[in-house]
Amino acid sequence: MKHKAPRGTKDVLPTDMPAWHHLENVFEALCRAYGYAEIRTPIFEDVEVFIRSVGEESDVVQKEMYTFTDRGGRVLALRPECTAGVSRAFIEHGFHNLPQPVKLYYRGPMFRYDRPQAGRQRQFYQMGIELFGSTDPGSDLEVIKFTSAFFDRLGFKGLQLHLNSVGCRECRPPYQERLKEVVEPRKAALCPDCQKRLQDNPLRLLDCKVPGCQVALQGVPRIDEHLCAFCAAHFEAVKTRLDLLGIDYLLDPRLVRGLDYYTHTAFEFVSQSLGSQYSLGGGGRYDDLIEAFAGPPTPGVGMAVGVERILLAMEKEGLSLPPAELEGVFIAAAPAAMANEGLVLLYRLREAGLRAEADYMGRSLKAMMKHAHRGKYRFAVILDEETRERGVWKIRDMAVGAQREYSYEELLAYLLGQRVEDRA
RNA sequence: GUGGGUGUAGCUCAGGUGGUUAGAGCGCCAGGUUGUGGCCCUGGAGGCCGUGGGUUCAAGUCCCAUCACUCACCCCA
């Protein structure tokens, strides 16, 4: 084969679409209920947008970005996530002048240059929400509850919600210093990556999975024990609200998340059935992000879920989609009829918005019936020499096999008036 | 970026130690006594055996490279 989809990308085929649409429909129904409005931002931005938001030191920026220079010499990058772009748009369009909070949702492809694996692609789809303008713990709760409701409606059982607070610019730096001090003497026991992290981004030490590092880090100070008064109170308030709504969570002091803009609440929904790419979605609070873009200080909290990964998990857990209904009309007509009244009927039905199809392949009646069956059409209209002579139209209900004859007017009234719900 | 596994029809997979015209199931197409789907039966189409080199009289089979997928690391959706 000469050309294949580029490494780490996938075609989403017509047969995949029912599952995709199901996810999108469930997500958008929640957005409506929760009051989120859609925004679509460009698929690429100035690299700076991502460096400033996601973080210079993050893996995403360091080694996973698709960066390129356009013909005008602009340095751009395909978006590795969408919070940065949405935040940029928030400032650019003066959304801080709107009644707060401003609640936005998005969906679309993201790009990360990473080694592909099941559940990890170079182009993948995320759907996410952002709530700007409030520090109220209720807004953290809303975002988490939204995510949890989303997974519930898809039929997930047993997903785990990991929860942590990563502090704020008041309490995180002192904590990071403490961490450095404590870990420094044990430096020799750490993996090379962690030795580097100790310098650049000590928080990331915490979620290293190398066994040696975990041992070396035992008894290290926990961030949830070093939060400032504000952060501690905020975290408590979020937890209280989760309890109130009966949402189970697992406190995970090692949950750090790789995007540097997070402050306070960080959370992640984790699947047991997925191997190492187990995170189905996550998010948190980012109170300094808008300011980092030179916008007016504006807190925010948001989340994103990964479409392909959810689909994988649903398949593994045997979660079914709503069954496909029989729908529409297949016109099984002899050639002479199809050149005349069959053609007229076909477009009459289509103009009325019905799913209607006829044969272009010169099939026999038997083959057309089979085709109508496989194509999941509800009705077959059968036109042959005999029905033409008698001036009647045969219609067959494929669901039950019942068949009857109508005049043209009756047929139209039946198909258009009652749509396709009732039986022949 | 590091290490392991895999790569044969549209799909899921068979093809001991290299040996003629590469198979099955599903799907697709056609037919089963002059045109009515589902079940069943029969037949047909469809494969540069991922790609490129090499070894050999002979390679789907062995070797090397490359690409892709996959698992783990890493990272995260």
Side-chain angles (χ1 to χ4, degrees), chain A residues 1-10 13 15 23 54 58-65 79-83 107-128 147 191-194 196-197 204 207-211 213 255-259 266 268-271 274-283 303-313 326 330 332-337 359 361-387 394-403:
Chain A
M1 215 170 308
K2 184 116 189 191
H3 291 294
K4 293 184 187 174
R7 175 154 214 220
T9 67
K10 266 195 179 129
L13 302 175
T15 45
L23 285 206
V54 175
S58 67
D59 283 3
V60 169
V61 165
Q62 289 279 307
K63 45 187 203 195
E64 293 174 9
M65 269 213 297
R79 61 185 187 194
E81 55 94 56
C82 211
T83 301
R107 60 163 201 236
M110 309 295 159
F111 305 84
R112 292 196 329 214
Y113 189 89
D114 201 348
R115 185 135 170 191
Q117 187 176 326
R120 188 168 77 189
Q121 296 166 211
R122 289 181 174 179
Q123 173 176 333
F124 59 99
Y125 284 74
Q126 286 189 338
M127 304 189 292
T147 315
C191 69
D193 280 344
C194 279
K196 187 166 180 297
R197 286 178 188 136
R204 297 276 311 287
D207 65 351
C208 183
K209 281 118 194 158
V210 175
C213 293
L255 172 63
V256 167
R257 303 190 55 78
L259 281 34
E268 205 165 282
F269 279 83
V270 160
S271 161
L274 230 50
S276 66
Q277 307 306 319
Y278 47 66
S279 175
L280 296 185
M303 69 86 181
V305 297
V307 174
E308 289 89 345
R309 223 173 251 190
I310 292 172
L311 259 16
L312 267 181
L326 298 187
F330 192 92
D359 177 57
M361 303 306 292
R363 286 183 167 89
S364 66
L365 177 60
K366 175 180 176 146
M368 284 192 282
M369 294 305 288
K370 188 179 272 194
H371 196 68
H373 173 73
R374 303 218 170 139
K376 295 197 189 306
Y377 290 89
R378 175 64 189 279
F379 296 105
V381 170
I382 298 157
L383 300 176
D384 56 26
E385 292 311 317
E386 188 260 342
T387 59
K394 276 193 209 168
I395 179 167
R396 182 178 182 83
D397 184 335
M398 301 296 281
V400 294
Q403 190 164 311

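Below, chains carry the letters A, B, ... as their sequence lines are ordered, and counting in each starts from 1.
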Query raised in the report: What does A:K394 touch in the nucleic acid at a heavy-atom separation under 4.0 angstrom: a base, only the sugar-phosphate, or nothing?
Result: base
Query raised in the report: How would you label the contact of A:A334 with the nucleic acid (heavy atoms, under 4.0 Å): base, sugar-phosphate, or nothing?
Result: base
Query raised in the report: When you compare B:C63 with B:G4, how far apart are their P atoms, in angstrom units rounded to a whole number?
Result: 15 Å
Query raised in the report: Would you say the base of B:A77 and the side-chain of A:R120 have a donor-acceptor pair closer than 3.5 Å?
Result: no
Report task. Would you please confirm or rule out a distance under 4.0 Å between OP1 or OP2 of B:A72 and any side-chain N or O of A:Q117? Result -> yes
**Report entry** A:S364 side chain near B:G31 phosphate (N/O to OP1/OP2, under 4.0 Å)
**Finding:** yes
**Report entry** Heavy-atom donor-acceptor pair, A:R309 side chain to A:S279 backbone, under 3.5 Å
**Finding:** yes
Requested in this report: Report which part of the nucleic acid A:R115 touches: base, sugar-phosphate, or nothing (heavy-atom distance under 4.0 Å, all strands).
Outcome: base
Query raised in the report: Counting side-chain heavy atoms from C-beta on, which of B:A30, B:A77, B:C74 comes nearest to A:R363?
Result: B:A30
Query raised in the report: Across the strands shown, which category fits A:K366 at heavy-atom distances under 4.0 angstrom: base, sugar-phosphate, nothing?
Result: base
**Report entry** A:R374 vs B:C28: side-chain N/O to OP1/OP2 distance below 4.0 Å
**Finding:** yes
Query raised in the report: If only side-chain N and O atoms of A:R309 are considered, is one of them under 4.0 Å from the OP1 or OP2 phosphate oxygen of B:C76?
Result: no
Report task. Quick one: label A:E81 by what it contacts on the DNA or RNA (base, sugar-phosphate, nothing), any heavy atom closer than 4.0 Å. Result -> nothing
Report task. Apply the side chain to side chain contact (heavy atoms under 4.5 Å, CB included) test between A:Y125 and each candidate in A:Q121, A:M127, A:Q123; give the one that qualifies. Result -> A:Q123
Report task. Describe the nucleic acid contact of A:G401 in one word from base, sugar-phosphate, nothing, applying a heavy-atom distance below 4.0 Å. Result -> base
Query raised in the report: Which part of the nucleic acid, if any, lies within reach of A:A118 when heavy atoms closer than 4.0 Å are counted: base, sugar-phosphate only, or nothing?
Result: sugar-phosphate
Query raised in the report: A:I382 near the nucleic acid: base, sugar-phosphate alone, or nothing, with a heavy-atom cut-off under 4.0 Å?
Result: base
Report task. When you get a sec, tell me which of B:C75, B:A68, B:G35 is the closest nucleotide to the side chain of A:L365? Result -> B:G35
Query raised in the report: Checking all strands, does A:G8 fall into the base, sugar-phosphate, or nothing category for heavy-atom contacts under 4.0 angstrom?
Result: sugar-phosphate
Query - G-U wobble or Watson-Crick pairing nucleotide for B:G43 (cut-off 3.5 Å, both distances) - result: B:C29
Query raised in the report: Can you find an N or O donor on one side and an acceptor on the other, under 3.5 Å apart, linking the side chain of A:K370 with the base of B:U36?
Result: no
